[in-house]
Amino acid sequence: MSPIVITLIILAVIAAILIALYFVGNKMQKKQMEQKEQMDAAAQQTSMLIIDKKKMKMKEAGLPKIVMEQTPKRFQGMKVPIVKAKIGPQIINLICDDGIFDDLPTKGEVKAMISGIYITEVKSIRGKKRNTEEGPKKKGFAARMRMKQRELQNEYAKEEKEKEARKAAKQTEKAKKEKAKKITK
């Protein structure tokens, strides 16, 4: 076989892999958006006192047994942002969204949106404030990538809503035209 044929075969395989990854990624992103909508629908606003926050493995976090049973084995060893908070008289371990983990103050009161054991959004922070004299902390590579991913997901969600709105507008326009045709006949 000549080197040109081998190169073409390798390029074809790489192209096929990239196309497959595009479609799988698109499908996973739509699934994630649906799950986020469900979480937002089930979210409740609560006031809590943040006692401690750490990034630790799910096995060591002290989460409820049912959560650990439902989590796949490969994810149980991953480090996730865990917040120990006092909600009312109970002290509970909660999983926090990566984007708001750095904003949560320790030993401070927070009003947050909670969906199950997952903190999705922080509404207001009261108590200890971070030192503003230090200046902004330099973010690591992973934090920058998570922030960029969140921005892209928000942009994608807006685009999807706009598409749905345009589609609904076209359908109403079409229905009006058909109704006008029926009236003139």
### Heavy atoms from other residues, nucleotides or ligands near CD1 of Ile4 exceed 12 (cutoff 6.0 Å)
no

### Query
Do the non-hydrogen side-chain atoms of Val110 and Ser47 ever get within less than 4.5 Å of each other?
no

#### Entry: Val122 side chain reached by Asp103 side chain, heavy atoms, under 4.5 Å
no

### Query
Should Leu49 and Leu104 be counted in the same cluster of Ile, Leu, Val, Met, Phe, Trp and Tyr side chains packed under 4.5 Å apart?
no

### Summary
Scanning both residues in full, the closest heavy-atom pair of Ala112 with Ile119 reads CB-CG2, 4.0 Å

### Query
Are any of the side-chain heavy atoms of Val67 and Pro64 separated by less than 4.5 Å?
yes

### Query
Which other residues belong to the hydrophobic cluster containing Met113, where Ile, Leu, Val, Met, Phe, Trp and Tyr are joined when side-chain heavy atoms lie under 4.5 Å apart, directly or via other members?
none

Would you be so kind as to tabulate the donor-acceptor pairs closer than 3.5 Å made by side chains of residues 11-35, with sequence neighbours excluded?
unit_1 : atom_1 : unit_2 : atom_2 : d
Gln32  : OE1    : Gln153 : NE2    : 2.8

### Message
Suppose we screen for salt bridge (Lys or Arg N to Asp or Glu O under 4.0 Å). Which residues come up paired with Glu60, at least two apart in sequence or across chains?
### Response
none

### Message
By the side-chain hydrogen bond (donor to acceptor under 3.5 Å, both in side chains) test, which pairs, at least two apart or in different chains, include something from residues 36-45?
### Response
none

### Query
Does the side chain of Ile114 come within less than 4.5 Å of Thr120's, by heavy atoms?
no

### Task
Output yes when Glu159 and Lys161 qualify as a salt bridge under the 4.0 Å nitrogen-oxygen rule, no when they do not.
no

Residues 76-87 side chain polar contacts: donor-acceptor under 3.5 Å, at least two apart:
unit_1 : atom_1 : unit_2 : atom_2 : d
Gln76  : NE2    : Met68  : O      : 2.6
Gln76  : NE2    : Thr71  : O      : 3.1

#### Entry: Between OG on residue Ser115 and CD1 on residue Ile95, distance to nearest 0.5 Å
11.0 Å

### Query
Sequence neighbours excluded, which residues qualify as salt bridge (Lys or Arg N to Asp or Glu O under 4.0 Å) partners of Arg146?
Asp98

### Non-neighbouring partners of Glu160 that pass side-chain hydrogen bond (donor to acceptor under 3.5 Å, both in side chains), sequence neighbours left out
Tyr156

### Task
Could you tell me the separation between the OG1 atom of Thr172 and the NZ atom of Lys177, rounded to the nearest 0.5 Å?
10.5 Å

Enumerate, atom names and distances included, each donor-acceptor pair closer than 3.5 Å involving a side-chain atom of residues 163-170, sequence neighbours excluded.
none

### Under the side-chain hydrogen bond (donor to acceptor under 3.5 Å, both in side chains) test, residues paired with Thr46 that sit two or more places apart
none

### Query
By salt bridge (Lys or Arg N to Asp or Glu O under 4.0 Å), which residues pair with Lys59, not counting sequence neighbours?
none

### Summary
Between the OG atom in Ser2 and the CG atom in Leu8, the distance rounded to the nearest 0.5 Å is 8.0 Å

### Same apolar cluster: Leu94 and Met56, side chain cutoff 4.5 Å
yes

### Message
Can you list everything that forms a salt bridge (Lys or Arg N to Asp or Glu O under 4.0 Å) with Lys54? Sequence neighbours excluded, please.
### Response
Asp52

### Query
Residues in side-chain hydrogen bond (donor to acceptor under 3.5 Å, both in side chains) with Asp97, at least two apart?
Tyr118

### Task
Answer yes or no: are there more than 12 heavy-atom neighbours, outside Gln90 itself, under 6.0 Å from its atom CD?
no

### Summary
Closest non-hydrogen atoms of Asn93 and Gly62, given as atom of the first, atom of the second and distance, are ND2-O, 3.6 Å

### Task
Give the minimum heavy-atom separation between Ile51 and Lys107, together with the two atoms involved.
O-NZ, 3.7 Å

